[in-house]
2 protein chains.
Amino acid sequence: MAGERTDEHPPQPGLTRDALTQAALCVLEREGINGLSMRKVATELGVKAASLYWHVRNKEELLDLLTDALMADAEPPLRQGDWREQLREYCLRHRRLLLSRRDAAKVVAGRFALGPHLLSLMEDQLDRLRDAGFADADAALCTYLLGAYVQGFVLQEQVPISASEAMGTSRAEVATAVSAQLRSLPEETFPNLVALADDLTTPNMDERFAFGLERLIDGLAALLDQGRAGRAVPGVTVPEVPL
Amino acid sequence: MAGERTDEHPPQPGLTRDALTQAALCVLEREGINGLSMRKVATELGVKAASLYWHVRNKEELLDLLTDALMADAEPPLRQGDWREQLREYCLRHRRLLLSRRDAAKVVAGRFALGPHLLSLMEDQLDRLRDAGFADADAALCTYLLGAYVQGFVLQEQVPISASEAMGTSRAEVATAVSAQLRSLPEETFPNLVALADDLTTPNMDERFAFGLERLIDGLAALLDQGRAGRAVPGVTVPEVPL
DNA sequence: ACCTGAACACCGTTCAAGT
DNA sequence: ACCTGAACACCGTTCAAGT
């Protein structure tokens with residue numbers, strides 16, 4: 001959407017906040033979040049570190065810009081199917097987006113940046129939730145809830161990758177190792193961990209994510225039903241309970 | 001539980017991994033996660049930074065120890081009430097624990113450390129879930145799900161605290177500021193954000209957390225019911241569907 | 001208005017050397 | 001076996017100075 005950048009060291013164009021953001025994106029992809037420093041972003045732009053501080057208050061602000069840039073590719077799902085399908089697709093896409101870029105979840109995690117891209121997504125999602133029949137307050141709580149779930153999940157999911165996969169161990173190998181470790185626990189004190197060692201260590205993250213997502217959506221459906229039961233329904237008269 | 005430590009600079013006792021952990025805990029509480037450096041932990045112990053590397057491979061390993069130490073005070077809830085009540089209490093306590101120590105969620109976030117304290121908690125929770133009637137795989141998925149939710153939620157909850165509260169702005173002030181910002185958006189393109197500005201920015205985190213928790217538990221209850229429907233129930237014979 | 005040089009006060013980690 | 005001095009290769013940030 002905003003400012004393409006393919007050249008490594010643009011000779012003249014003059015720094016822009018957008019250029020800084022794109023450069024940060026490059027460095028992040030190449031070196032991960034631990035390698036993302038102001039100095040590296042600067043050299044990526046063919047410039048000295050101190051120059052960045054003319055365009056950006058500090059690193060934190062650059063990370064805020066980066067966060068919104070990471071959301072730039074997000075596209076809301078088609079407006080088809082019932083609200084459950086649409087919400088599910090929303091979350092699946094959000095997760096896929098976070099997984100598609102290195103350490104994206106870690107960058108986004110716990111940042112409080114209401115960038116333009118995020119705002120558009122929220123606007124769209126809120127619209128669908130209200131259409132589906134959710135009360136205003138519930139719709140607001142719902143978007144927050146789903147955001148927290150996806151972000152929290154991917155964060156936990158993405159980290160073992162850098163922590164132990166950096167040491168050459170693949171995810172599947174880690175899983176079997178942990179499984180063995182759990183099975184070798186003293187059975188008298190940890191009977192459940194021993195018995196469920198395999199269930200606890202399946203490396204199938206898609207399934208784990210889907211499981212939580214379905215529970216969440218079921219729970220929201222229950223809320224919607226109980227909300228409808230309180231309203232006037234054709235043919236049935238339900239007494240309104242005060243407050 | 002393990003190794004009390006009250007002296008600031010113990011003269012002789014010789015470093016132990018446990019002493020390092022407790023010192024790290026102190027530094028974390030005092031300076032937050034950004035101020036938590038090997039050098040500061042060392043001086044907390046009256047020792048030079050290089051010394052730490054005899055007891056611990058690197059900072060990452062110290063953070064793993066710290067993570068488990070943060071879980072040390074966790075106590076499983078009483079075994080009373082139905083599974084819903086117990087699970088709810090579990091999550092409330094988990095959140096309270098994370099909130100009770102500075103930047104705890106950030107330390108724990110995305111760390112893959114199965115320390116002894118966490119193992120005990122998981123063992124206990126799995127036991128209750130199986131008692132409640134959850135299938136093995138579902139019980140395993142459930143503990144993971146709840147853990148991800150609580151951790152993800154608190155992470156998002158705790159960060160605005162350090163980011164903007166550090167600048168003297170309280171949470172309530174931030175909320176009203178963001179609310180005003182949302183209300184001032186162009187109404188044609190962001191009608192929902194404008195309309196729900198207040199709902200989206202209530203600073204009542206307890207309520208937000210409880211909302212998600214109830215949806216989650218409702219969703220799990222639905223799963224449990226549908227599981228039971230598939231089993232032989234006294235008086236009713238349900239045909240078993242293969243696979 | 002925008003960029004740089006040079007400095008400040010920090011980092012994590014290593015390793016020969018001490019005891 | 002355990003701790004230190006000294007160094008290495010980095011950080012984020014500031015600020016006078018250049019253009």
Side-chain angles (χ1 to χ4, degrees), chain A residues 3 5 7-24 26-28 30-67 103 106-107 111 159 162-163 166-167, chain B residues 3 5 7-24 26-28 30-67 103 106-107 111 159 162-163 166-167:
Chain A
R5 228 193 57 80
D7 283 336
E8 285 301 302
H9 298 276
Q12 298 294 352
L15 268 21
T16 49
R17 300 181 111 235
D18 204 85
L20 296 211
T21 310
Q22 295 303 317
C26 285
V27 176
L28 178 67
R30 195 178 346 112
E31 321 226 15
I33 196 170
N34 286 332
L36 180 60
S37 70
M38 296 298 270
R39 293 170 129 102
K40 291 213 189 107
V41 172
T43 55
E44 175 78 21
L45 291 162
V47 111
K48 301 298 176 175
S51 312
L52 303 185
Y53 289 85
W54 181 261
H55 305 272
V56 119
R57 195 196 311 276
N58 50 27
K59 188 180 183 181
E60 197 67 13
E61 188 173 312
L62 181 53
L63 287 176
D64 282 352
L65 292 174
L66 183 57
T67 296
D103 287 342
K106 272 198 167 174
V107 174
R111 201 156 297 279
V159 163
S162 51
M167 312 172 57
Chain B
R5 229 194 55 81
D7 284 337
E8 284 301 303
H9 298 277
Q12 298 294 350
L15 268 22
T16 48
R17 302 181 111 232
D18 204 85
L20 296 211
T21 311
Q22 295 303 317
C26 286
V27 176
L28 178 67
R30 195 179 343 111
E31 320 227 16
I33 197 170
N34 286 332
L36 179 60
S37 70
M38 296 298 269
R39 292 171 130 102
K40 290 211 189 113
V41 172
T43 55
E44 175 77 20
L45 291 161
V47 110
K48 301 298 176 175
S51 312
L52 302 184
Y53 289 84
W54 181 261
H55 304 272
V56 119
R57 196 196 310 273
N58 50 27
K59 188 180 183 182
E60 197 68 12
E61 188 173 312
L62 181 54
L63 287 177
D64 282 352
L65 293 174
L66 182 57
T67 296
D103 286 342
K106 272 198 168 176
V107 174
R111 200 157 298 279
V159 163
S162 50
M167 312 173 57

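The sequence lines fix the lettering, A, B, ..., with proteins before strands; numbering per chain opens at 1. Small disclaimer: the values here were computed from a predicted structure and weren't measured. We use all heavy atoms of the structure for the numbers below, so side chains are in, but hydrogens, waters and symmetry mates are not.
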Structure string for DNA chain D in dot-bracket form, Watson-Crick and G-U at under 3.5 Å, | interchain: ||.|||||...|||||.||
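- Taking only side-chain nitrogens and oxygens, B/W54 comes nearer than 4.0 Å to OP1 or OP2 of D/dC2.
- In terms of phosphate contacts, B/H55 brings no side-chain nitrogen or oxygen within less than 4.0 Å of OP1 or OP2 of D/dA1.
- Applying the side-chain hydrogen bond (donor to acceptor under 3.5 Å, both in side chains) rule to B/R17 yields the partners B/E61; only residues at least two apart in sequence or on another chain are considered.
- In this structure, A/R111 CZ and A/L63 CG are separated by 4.5 Å, a value rounded to the nearest 0.5 Å.
- Rounding to the nearest 0.5 angstrom, the gap separating the CG atom in A/L45 from the CG atom in A/L52 is 7.0 Å.
- For B/M38 against B/N58, the heavy-atom pair with the smallest separation is CE-C, 4.2 Å.
- Residues satisfying the side chain to side chain contact (heavy atoms under 4.5 Å, CB included) test with B/A50, not counting sequence neighbours, are none.
- Annotation for B/A24 and B/V41: closest pair CA-CG2, 4.0 Å, computed over non-hydrogen atoms.
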Sugar-phosphate or base contact per nucleotide [nucleotides 14-19 of chain C; S, B, -; heavy atom under 4.0 Å]: BB----
What does the list of N/O pairs under 3.5 Å between the protein and nucleotides 8-11 of chain C look like, with a distance for each?
residue : atom : partner : partner atom : Å
C/dC11  : OP1  : B/S37   : OG           : 3.2
C/dC11  : OP1  : B/K40   : NZ           : 3.3

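- Taking atom CG of B/L15 as the reference point, atom C1' of D/dC3 lies 9 Å away to the nearest angstrom.
- Contact record, B/D103 with B/G32: OD2-CA, 3.4 Å, taken as the closest heavy-atom pair.
- As a whole-Å value, the separation of A/L20 CG from C/dC2 P is 12 Å.
- In this structure, A/R39 and A/A49 approach most closely via the heavy-atom pair CG-CB, 3.8 Å.
- Listed by chain and residue number, B/V27, B/K40 satisfy the side chain to side chain contact (heavy atoms under 4.5 Å, CB included) test with B/E31 (two or more places apart in sequence, or in another chain).
- For the atom pair A/L36 CG and A/K59 NZ, the distance stands at 5.5 Å (nearest 0.5 Å).
- Atom NZ of A/K48 and atom P of C/dA7 are 15 Å apart (whole Å).
- With rounding to the nearest 0.5 angstrom, the NZ atom of A/K106 is 11.5 Å from the CG atom of A/L28.
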